[in-house]
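Computed from a prediction, not measured in an experiment: that's the story for all the values here.
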Amino acid sequence: MTIWKHEENKPTHRLVKLYKEDHGEGEYLGDLSDEVIKAMIVEIKPDVKIDQAFGTLSYFGMLPLLVTQKSTLK
């Protein structure tokens with residue numbers, strides 16, 4: 001599956017969007033195997049339900065992954 005990746009980093013969160021088509025943002029990662037894509041998703045967000053996430057990307061052509069930063073305030 002061909003994949004494009006767009007990433008935004010903010011002090012409070014990281015947003016990564018994976019696309020199956022070129023949406024004019026992000027970088028082209030190439031034609032990747034399903035296993036490589038799943039490993040990349042888990043690397044970005046380790047607690048993700050991988051079957052659901054990969055299914056969303058496959059069906060809708062886009063997968064947003066929001067990773068929030070843990071607060072160090074007590």
Side-chain angles (χ1 to χ4, degrees):
M1 175 183 323
T2 54
I3 297 293
W4 283 260
K5 176 182 170 186
H6 174 73
E7 188 166 346
E8 298 174 20
N9 289 297
K10 305 287 182 184
T12 58
H13 67 276
R14 173 183 178 206
L15 177 62
V16 179
K17 297 177 192 173
L18 300 176
Y19 298 103
K20 284 175 49 176
E21 298 177 359
D22 185 4
H23 285 265
E25 65 179 7
E27 69 176 290
Y28 177 67
L29 299 181
D31 190 13
L32 307 174
S33 70
D34 293 355
E35 292 76 27
V36 169
I37 295 169
K38 288 178 181 180
M40 182 174 47
I41 293 169
V42 170
E43 183 180 323
I44 294 167
K45 187 167 178 136
D47 62 343
V48 72
K49 294 179 181 175
I50 190 60
D51 292 331
Q52 183 179 10
F54 186 77
T56 299
L57 178 61
S58 296
Y59 186 79
F60 293 106
M62 193 267 238
L63 176 66
L65 297 167
L66 179 65
V67 180
T68 56
Q69 302 296 329
K70 303 261 191 258
S71 175
T72 57
L73 298 176
K74 294 183 180 184

Next on the checklist: So which atom in Met1 and which in Ser58 form the shortest heavy-atom distance, rounded to 0.1 Å?
Outcome noted: CE-OG, 3.6 Å
Item to check | Same apolar cluster (I L V M F W Y, side chains within < 4.5 Å links), Ile50/Val67 | outcome: yes
Next on the checklist: With side chain to side chain contact (heavy atoms under 4.5 Å, CB included) as the criterion, how do Glu25 and Lys17 come out once you've worked through the C-alpha distance, each side chain's angles and the decisive distance to 0.1 Å?
Outcome noted: CA-CA 10 Å; Glu25 65 179 7; Lys17 297 177 192 173; 3.9 Å; yes
Checklist entry - Nearest 0.5 Å, what's the CZ-OG1 distance between Arg14 and Thr68? => result 12.0 Å
Checklist entry - Any side chain to side chain donor-acceptor pair (under 3.5 Å) pairs touching residues 34-54, not counting sequence neighbours? => result none
Item to check | hydrophobic_cluster_shared for Ile44 and Tyr19, side chain cutoff 4.5 Å | outcome: no
Item to check | Basic-acidic side-chain contact under 4.0 Å: Lys5, Glu7 | outcome: yes
Next on the checklist: If I take atom CG from residue Leu18 and atom CE from residue Met62, how far apart are they, to the nearest 0.5 angstrom?
Outcome noted: 9.5 Å
Checklist entry - When clusters are formed by joining ILVMFWY residues with side-chain heavy atoms under 4.5 Å apart, either directly or through shared neighbours, do Leu63 and Ile37 land in the same one? => result yes
Next on the checklist: Please give me the minimum heavy-atom distance between Leu32 and Met40, naming the atom from each residue.
Outcome noted: CD1-CE, 4.1 Å
Checklist entry - Is there side-chain contact between Tyr28 and Thr2, with at least one heavy-atom pair below 4.5 Å? => result yes
Checklist entry - Given Ile3 and Leu57, is the side chain to side chain contact (heavy atoms under 4.5 Å, CB included) satisfied, shown in steps? => result CA-CA 10 Å; Ile3 297 293; Leu57 178 61; 3.9 Å; yes
Checklist entry - Side chains of Leu65 and Ile41: does their closest heavy-atom pair fall under 4.5 Å? => result yes
